[in-house]
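Let me begin by presenting the structure, written as C-alpha cells, before commenting on it.
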Amino acid sequence: MTTTYREAIKQAIRDALNRDERVFLMGEDVGRYGGCYAVTKGLLEEFGEARIRDTPLSESAFVGAGIGAAMAGLRPIVEIMTVNFSLLALDQIVNNAATIPHMSGGQFAVPLVIRMATGAGRQLAAQHSHSLEGWYAHIPGLKIVAPATLEDARGMLWSALEDPNPVLIFEQVNLYNMEAELAADAGAVPLCGAAVRRAGRDLSLVTYGASLHKSLVAAQLLATEGIEAEVIDLRSLRPLDDATIMASLARTRRILVVDEGWRSGGISAEICARVAEQGFYDLDAPPARLCGVEVPIPYPKHLEDAAIPQVETIHAAALELVRPSGRST
Amino acid sequence: MTTTYREAIKQAIRDALNRDERVFLMGEDVGRYGGCYAVTKGLLEEFGEARIRDTPLSESAFVGAGIGAAMAGLRPIVEIMTVNFSLLALDQIVNNAATIPHMSGGQFAVPLVIRMATGAGRQLAAQHSHSLEGWYAHIPGLKIVAPATLEDARGMLWSALEDPNPVLIFEQVNLYNMEAELAADAGAVPLCGAAVRRAGRDLSLVTYGASLHKSLVAAQLLATEGIEAEVIDLRSLRPLDDATIMASLARTRRILVVDEGWRSGGISAEICARVAEQGFYDLDAPPARLCGVEVPIPYPKHLEDAAIPQVETIHAAALELVRPSGRST
Amino acid sequence: MTAKPHLDREHARHLLGQMLRIRLFEERCAELYTQQKIRGFLHLYVGEEANAVGIACALSAADSIVSTYREHGHALARGIAMGPLMAEMYGKANGTSAGRGGSMHVFDRATRFYGGNAIVGGGLPLAVGLGLAEKLRGGAGVAVCLFGEGAVAEGEFHESLNLAALWKLPVLFVCENNLYAMGSAIERTESETAIFRKAESYRVEAHQVDGMDVVAVEVAALGALERIRGGAGPQFLECMTYRFRAHSMFDAQLYRDRAEVERWKERDPIRRFGDWATASGLLHVADIEALREAASAEVDAAVAFAEAGAWEPVEDLCRHTLMDAVPA
Amino acid sequence: MTAKPHLDREHARHLLGQMLRIRLFEERCAELYTQQKIRGFLHLYVGEEANAVGIACALSAADSIVSTYREHGHALARGIAMGPLMAEMYGKANGTSAGRGGSMHVFDRATRFYGGNAIVGGGLPLAVGLGLAEKLRGGAGVAVCLFGEGAVAEGEFHESLNLAALWKLPVLFVCENNLYAMGSAIERTESETAIFRKAESYRVEAHQVDGMDVVAVEVAALGALERIRGGAGPQFLECMTYRFRAHSMFDAQLYRDRAEVERWKERDPIRRFGDWATASGLLHVADIEALREAASAEVDAAVAFAEAGAWEPVEDLCRHTLMDAVPA
Ligand SMILES: Cc1ncc(C[n+]2csc(CCOP(=O)(O)OP(=O)(O)O)c2C)c(N)n1
Ligand SMILES: Cc1ncc(C[n+]2csc(CCOP(=O)(O)OP(=O)(O)O)c2C)c(N)n1
Ligand SMILES: [Mg+2]
Ligand SMILES: [Mg+2]
C-alpha cells in the first residue's frame with residue numbers, strides 16, 4: 001500500500017489507541033485542528049475527547065502532565081508542535097522525566113512518548129527550524145529516535161510506547177509528505193540499532209532523518225563516479241549503535257557524518273569522537289562532518305538551503321574524503 | 001592580596017557597577033539574601049535596590065527581561081542560581097537571545113551576561129548538580145565561558161560586559177571557596193583563548209572549570225612518574241580555541257579531555273572530533289575522554305564522586321593513554 | 001481626566017487610511033503567497049486592523065513595541081515603511097531584517113519595533129525588560145506588548161505580568177483576543193475566558209475593549225498610556241477582535257462555523273468606521289476612495305521595491321550570528 | 001454538608017503524635033547535619049507540621065502526593081516509615097530512594113508519594129498528570145500537590161492551575177505560604193500577596209487556612225477533598241504558616257527579624273494544639289509526654305536503621321538511569 005510518512009504515524013497512533021487503553025494523545029491542536037502538520041487529523045472523531053486531548057499553549061504543563069500520567073501507569077503520547085517550542089518544556093523533560101527513575105531509586109518509571117517536528121526546509125526561520133534532536137541526545141535517562149522511513153515512523157512509535165523510559169521521537173518536517181510502500185501489517189521496529197540503507201565499500205555516510213534521503217541520492221551520484229558509499233541510518237541518536245558504525249568503518253575506512261543539526265557539540269561530534277576512540281586504527285582519513293551551519297536558520301530559501309546539508313554538498317564532501325583535492329593521505 | 005573566587009566575582013560585579021551606570025544585577029535572592037552562594041552579599045547595601053534587583057522565582061521572565069533590557073541598551077548581569085534552573089529560561093536564551101541579532105538582520109544586539117553556578121561535588125543530587133555548560137556550547141549566537149581561576153572569574157566578567165553578544169558565565173560550585181592571590185588591579189581577560197596552565201611533552205590534558213585543578217594535581221602525580229602532562233584550560237567553551245589545542249597536540253601527540261559534563265555529545269565530544277579532523281596526523285593514539293558518567297548525579301558521596309572525574313581517575317586515564325596496559329599502539 | 005483623541009477630519013482620514021493600508025497590504029500578501037513569492041508561514045491580520053491602528057495612534061516615538069508573528073499590521077501602523085516590510089516578506093536584502101526574518105520576524109530599530117516573535121508568549125519578558133530599561137534610565141517611554149489570547153496560557157504570561165506589576169514598570173500589555181489560537185477556541189484553553197480578569201489578579205488595571213472599533217481602541221490606549229506615564233505601573237487591555245481569515249495559509253478552518261465568521265465580518269472595522277465617518281459627515285465617500293487608491297498604489301510600489309531587491313549573498317550566511325558591536 | 005474530623009481522644013493523640021514525630025525527626029536531622037551524617041541541602045519543616053498532618057489525615061490510600069524539597073513532614077505524615085526516611089537522608093541503600101535522592105528527593109511508591117522535587121514549581125505539572133490519569137481511569141483518587149508560596153511566581157504554577165481547572169481534574173493544590181522564599185519576603189515577589197485570590201482567577205475554589213492550627217487544616221482539606229470527589233474539579237488551599245528555622249542549613253536569616261520569628265513561635269502548632277487538648281481535657285499532660293517519648297524512641301530507631309544501612313555498590317552507579325521495566 002502506498003502511503004505517506006504522515007499517514008504512517010497516524011496509523012501508528014491509531015493502532016496504539018486501539019491496542020492499549022492506557023494510551024492517549026495530548027498536545028496543542030491535535031484534536032479539532034488535526035495537528036499543525038495534520039498528522040492527527042480525524043483521530044478526535046475516531047477516539048473522542050478523552051483520549052485525543054487538545055491542550056492550551058502550556059508546553060511545560062502538558063509535558064509535565066504527561067510525565068505524571070506516565071508515572072501513574074498510563075501511556076501518554078505528547079505532541080509538541082516543533083522542537084523549538086519544546087525548550088519551554090525542557091525543565092520537565094530533563095529535570096523530571098530523565099531523572100525521576102534514577103532519583104527515586106527505580107520506584108517510578110516514566111513510560112512517556114513525546115513526538116515533535118524538527119528541522120529546516122520550509123522557510124520558517126530561526127524560531128521554527130532548528131534540529132535539536134542531537135542536542136537532546138546528550139541527556140541520560142532519555143531515548144532519542146528519528147525515524148526516516150515509513151516503516152520506522154510506524155514501528156518505532158510502537159516500540160516507544162512499550163519502552164519503560166521516556167522516548168522522544170523527532171519527525172523531520174520535510175518527511176511528512178514523503179510517499180512510499182508500507183505493508184498494512186507493518187510491525188514494531190526496535191528503538192536501538194542503526195540500519196545499513198545502502199551497502200558500499202569506499203566510505204560510510206552516517207546520517208539520519210531527512211538527511212538520509214539526500215545522502216542516498218548523493219550515494220547514487222557517487223556510484224556513477226565509481227565510488228560506492230555505504231549509507232547508515234542511525235535511527236536512534238540515544239543510544240547510538242556504535243557496533244554498526246564501527247563495522248561499516250572497518251569495511252570502508254572512511255566516514256562522513258551528515259547532520260542537519262549544528263556542528264559544534266552535535267550528534268556528529270559524538271560520532272566522530274567515538275570513531276576516533278574506537279575506530280582510530282581503521283581510519284584511512286580523518287573522520288569528516290557535514291552539518292548545519294552554525295547560524296540561526298534564516299528565512300530566504302537560498303540562505304536556508306545553504307545552511308543545511310544538500311545533495312550537492314554531501315556529494316562534494318564525500319568526494320573530498322575519498323579523493324582529496326588538497327593534501328595527500 | 002589573597003582572596004576567594006567568590007570575592008573575585010563580587011569585585012568584578014562591583015567594578016562593573018562602578019564603571020558603567022548601564023550595568024545592573026538581577027536574580028533570585030541576589031539582594032537581601034546575598035546570593036544563594038553568597039557571591040553578591042553586601043552589594044544591595046552598596047548599590048541600592050534599583051541596581052541590585054531581587055526577582056521572584058520566574059527564571060523565564062527575568063532572563064527575558066534581561067534580554068529586553070540589553071536590547072534597549074543596558075548591560076544587565078542576570079544570575080540564575082544554578083544551571084539546572086536555567087532550563088526554565090531556555091526558551092528565552094535560545095529562541096530570543098541567541099537568535100534576535102541574526103533574525104533582526106543585525107539591528108539589535110543582546111549585550112547580556114548570565115551567570116550561573118554549575119557542577120557537582122556538594123551532594124545536591126540530580127536536580128542541582130549537572131554540568132550543562134558544554135551543552136549550551138552547541139548554540140550559535142551565545143558565548144560560553146567557564147573561568148577556573150580568580151583572575152579569569154574577575155576578568156572575564158569584565159570582558160563579558162563589553163561583549164556585544166549574550167555571554168553565559170559558568171561558575172563551578174566547588175570553586176567559590178578557592179583561595180588564591182589576586183592583584184588588586186587585575187584587569188579584563190579576553191573571552192576567547194585557552195590557557196596552557198602547565199607545560200608538558202607527553203600528553204595534553206584538556207579541561208576547564210573545577211576539573212582543571214584536579215587535572216593539575218594529577219599532572220603533578222604523573223610528573224613523579226616521569227610523565228609530563230601539558231594542562232590546557234579551555235576557559236571558553238564557545239568559541240573553542242582550536243589553535244591552542246592543536247598546537248599542544250602537535251607537541252604531545254596524545255590528548256585526554258577531562259570534563260565533568262556527561263560524555264555523549266558533551267564538549268569533550270566536540271574537542272575529540274576537532275582533534276580527529278584537524279590533528280589526525282599528529283595523533284600517536286586515539287584521543288581519549290574522561291567525563292561525567294552518564295547518570296543523573298546521585299546524592300551519596302561515594303556515588304557522586306564516582307560520577308565525575310577525580311584526581312585518581314584522571315591520573316589513571318592519562319597513564320593508560322601514555323603507557324597503555326592493553327593493546328599496543 | 002481621560003485622554004481622548006481629537007476626531008477631526010484629518011484624524012479620521014488617518015485612522016481609516018492606516019487600516020486600509022494594512023488591509024490592502026495583506027490581501028496582496030495572500031496573493032503573493034499563492035504565487036510563492038512569499039514563503040514559510042504567513043499569518044494575516046485581516047479583521048483586526050483597528051487594534052494596531054488604535055494603539056499606534058496613541059504612542060509616541062519614545063515608546064517601543066514587542067509584537068508577534070502576526071505583526072504586519074502592527075509594523076505598518078507603527079510607521080515601518082511598506083517597501084522594506086514587503087521586501088522582508090520576500091526575504092530580500094532590502095527588507096526590514098535584511099530578509100533573514102521573513103513574515104514572522106519584522107524588526108525595526110528606527111521605530112523601536114522589537115520584533116516579530118514566533119514563540120507564543122516569548123515577547124512578554126522582552127517587553128518587561130524594555131520597560132525596566134526605561135524605568136532605570138528615567139525615560140518617558142512605554143513598552144507596548146501585543147500578543148494573542150493564546151499566549152495567556154503560557155507561563156511566560158504569568159511571570160511577566162507579575163514582574164511588571166511588582167516593579168511598576170511602564171508596560172502596556174495588549175491582548176488581541178480573536179477567540180482562537182490556531183484551531184483552539186478560547187473556551188477550550190482557558191478556565192477563565194475573560195482575560196482581563198486574569199490581569200487583574202496581578203493587581204494590574206485591565207479593561208476590555210471593542211477591538212473592532214478603532215476609536216474605542218485609541219481611547220482605551222490613550223487612557224492606559226496616560227496612567228502609565230503618571231506612574232500607575234503596567235496596564236492591560238483586552239481587545240475583543242476576530243481574524244477573518246485562516247490562522248495561516250495552511251488552515252482549512254474546520255474548527256469554526258462559516259456563520260460565525262460572517263457575523264464577525266459584519267463588524268469589519270474598516271467598513272464600520274468608514275460608514276460612521278461618512279454618515280457623520282466627517283469623510284466623504286470620495287475621501288475613502290482616495291485613501292484606498294493611495295494605499296493600493298503604495299502596495300504596488302512596495303511590491304516593486306521588494307521585487308527589485310537583491311538577495312543577501314550566500315557568503316554572508318553567518319553574518320550577525322555574533323555581533324561585532326552594539327548598533328549605535 | 002461539610003466533612004468534619006471526629007475529634008476524639010484517639011484522633012487528638014494521632015494529630016499531636018504525628019506532629020511530634022515530624023518535629024523530633026527534624027531536630028535530629030539538624031544535629032546529624034552538623035555531624036555530617038546528612039549532607040547536601042537540608043530544608044527543615046519545623047513550625048509547619050500542622051499542614052502536613054492536617055492534610056494527610058484527610059487523605060485515603062488511593063490519593064497521591066507530590067511534594068517539594070521540604071518534604072520530610074509530608075513524607076512522615078503520609079505514612080512513610082521513619083527508618084527508610086532517615087536512611088535516605090544518609091544516602092544509604094535502605095533509604096526510600098535507595099539513597100540516590102537524599103533529603104530533597106524522597107519517593108515512595110507504596111504510599112503514592114511522588115517525590116520530593118527540588119525544582120520550585122516543578123511538581124505542579126506532575127500533579128496535573130496524576131489527576132488526569134485518575135480521571136481517565138475513573139479512579140477515586142485525588143492528587144495532592146504541596147508547594148511553597150515561592151512557586152506561585154513560576155510559570156508552571158499558572159499553566160498547571162489552568163490545565164487542572166479547564167479539565168476539572170481531581171487535584172488538591174496546597175500552597176504552604178510561610179511568607180518567605182529563601183530570603184525573599186512575599187511582598188517582594190508577588191504583586192498580589194493573597195495567593196488564594198490568584199487561584200480564584202482560574203475559577204478554582206480557594207480558601208485561606210490557618211496553617212498553625214492542625215484541626216483547621218484538616219477541616220479545610222476534608223472539605224476540599226469532598227468537593228473534588230463530588231466532581232467540582234480542583235481545589236486550592238493557602239495554608240498560612242511559618243518556618244521557625246532557616247531556609248536551609250546555610251542561611252544566616254539576615255532578611256527577617258528575630259522578633260517576627262518569636263511572634264510566630266508563639267503560635268507553634270504543637271504547643272498550641274497540645275495546650276488546647278489538655279485544657280479541654282481531651283489529653284493529659286502524661287499523654288503528651290508518652291507521645292513525645294514514643295516519637296523520640298522512633299527517631300532513635302530510625303537513626304540506628306540508617307546507621308546500619310549499607311551503601312549502594314559503586315558498580316551500580318548507573319542503575320535506574322534507564323529502566324528495564326515499569327515497576328508493577
Ligand atoms: C510556544 C509556541 N507554541 C506553539 C506555537 C504554534 N503556534 C503558532 S501561533 C499559535 C496560536 C496562537 O494563538 P494566539 O496567541 O491567540 O494568537 P493569534 O494567532 O490568534 O493571533 C500556535 C499554537 C508557537 N509558535 N509557539
Ligand atoms: C526553579 C528553581 N529556582 C530556584 C530554586 C532555588 N530555591 C530552592 S528553595 C527556594 C525558595 C522556595 O520558596 P517557597 O516556594 O516559598 O518554599 P519554602 O522554601 O518556603 O518552603 C529557592 C529559590 C529552585 N530550587 N528551583
Ligand atoms: Mg488568538
Ligand atoms: Mg515559602
Side-chain angles (χ1 to χ4, degrees), chain A residues 59-60 84-85 87-88 90-96 98-103 125-127 130 132 134-141 237-240 261-281 283 285-289 293-296 298-299 329, chain B residues 59-60 84-85 87-88 90-96 98-103 125-127 130 132 134-135 137-141 237-240 257 261-281 283 285-289 293-296 298-299 329:
Chain A
E59 284 81 3
S60 200
N84 310 269
F85 315 151
L87 301 185
L88 287 160
L90 211 72
D91 167 54
Q92 289 297 322
I93 297 173
V94 175
N95 286 323
N96 282 339
T99 62
I100 284 176
H102 180 264
M103 235 166 32
Q127 292 182 331
H130 292 140
L132 299 177
W135 202 45
Y136 270 106
H138 181 56
I139 308 295
L237 305 189
R238 185 176 187 98
L240 278 174
W262 292 311
R263 180 187 186 92
S264 295
I267 195 73
S268 69
E270 183 57 29
I271 293 168
C272 287
R274 291 193 189 188
V275 160
E277 288 163 339
Q278 301 170 36
F280 188 69
Y281 301 100
L283 284 165
R289 294 187 271 178
V293 176
E294 302 194 31
V295 62
Y299 161 67
T329 48
Chain B
E59 284 80 2
S60 200
N84 309 269
F85 316 151
L87 301 185
L88 287 160
L90 212 73
D91 167 56
Q92 288 299 323
I93 297 173
V94 175
N95 285 324
N96 281 341
T99 61
I100 284 176
H102 181 265
M103 236 167 31
Q127 291 182 332
H130 292 139
L132 300 176
W135 202 43
H138 182 55
I139 308 297
L237 306 189
R238 185 175 187 98
L240 278 173
V257 184
W262 292 310
R263 182 186 184 92
S264 295
I267 195 75
S268 68
E270 181 58 28
I271 293 168
C272 287
R274 292 193 187 187
V275 161
E277 290 163 339
Q278 301 171 37
F280 189 70
Y281 301 100
L283 283 165
R289 291 189 274 177
V293 177
E294 301 194 32
V295 60
Y299 161 65
T329 49

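Each chain gets a letter, A, B and so on, in the order its sequence line appears, and its residues count up from 1. None of these values were measured; they are calculated from a predicted model.
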Between [X] and [Y], is there a donor-acceptor pair closer than 3.5 Å when you use the side chain of the first and the backbone of the second?
X	Y	value
W262(B)	I139(A)	no
E270(A)	A269(B)	no
N95(B)	N84(A)	yes

Sort [X] into side chain, backbone, both or neither according to what part of it lies under 4.5 angstrom from a heavy atom of chain B.
X	answer
R274(A)	both
A125(A)	neither
L283(A)	both

So which of [options] has the largest heavy-atom pair count under 4.5 angstrom toward chain A?
options	value
A137(B), C272(B), P298(B)	P298(B)
G261(B), P140(B), G266(B), A273(B)	P140(B)
G141(B), S60(B), P287(B)	P287(B)
V275(B), I271(B), L88(B)	L88(B)

- Message: So, taking the atom named CE in M103(B) and the one named CD in Q127(A), what distance separates them when rounded to the nearest 0.5 Å?
- Response: 4.0 Å
What are the two closest heavy atoms between [X] and [Y], and how far apart are they?
X	Y	value
P296(A)	H102(B)	O-CE1, 3.2 Å
S264(A)	R238(B)	CB-NH1, 3.7 Å
L90(B)	L87(A)	CD2-CD2, 3.8 Å
F280(A)	P286(B)	CB-CG, 3.6 Å

- Angle class for the W135(B)/W135(A) ring planes (parallel below 30°, perpendicular above 60°, tilted otherwise)? parallel
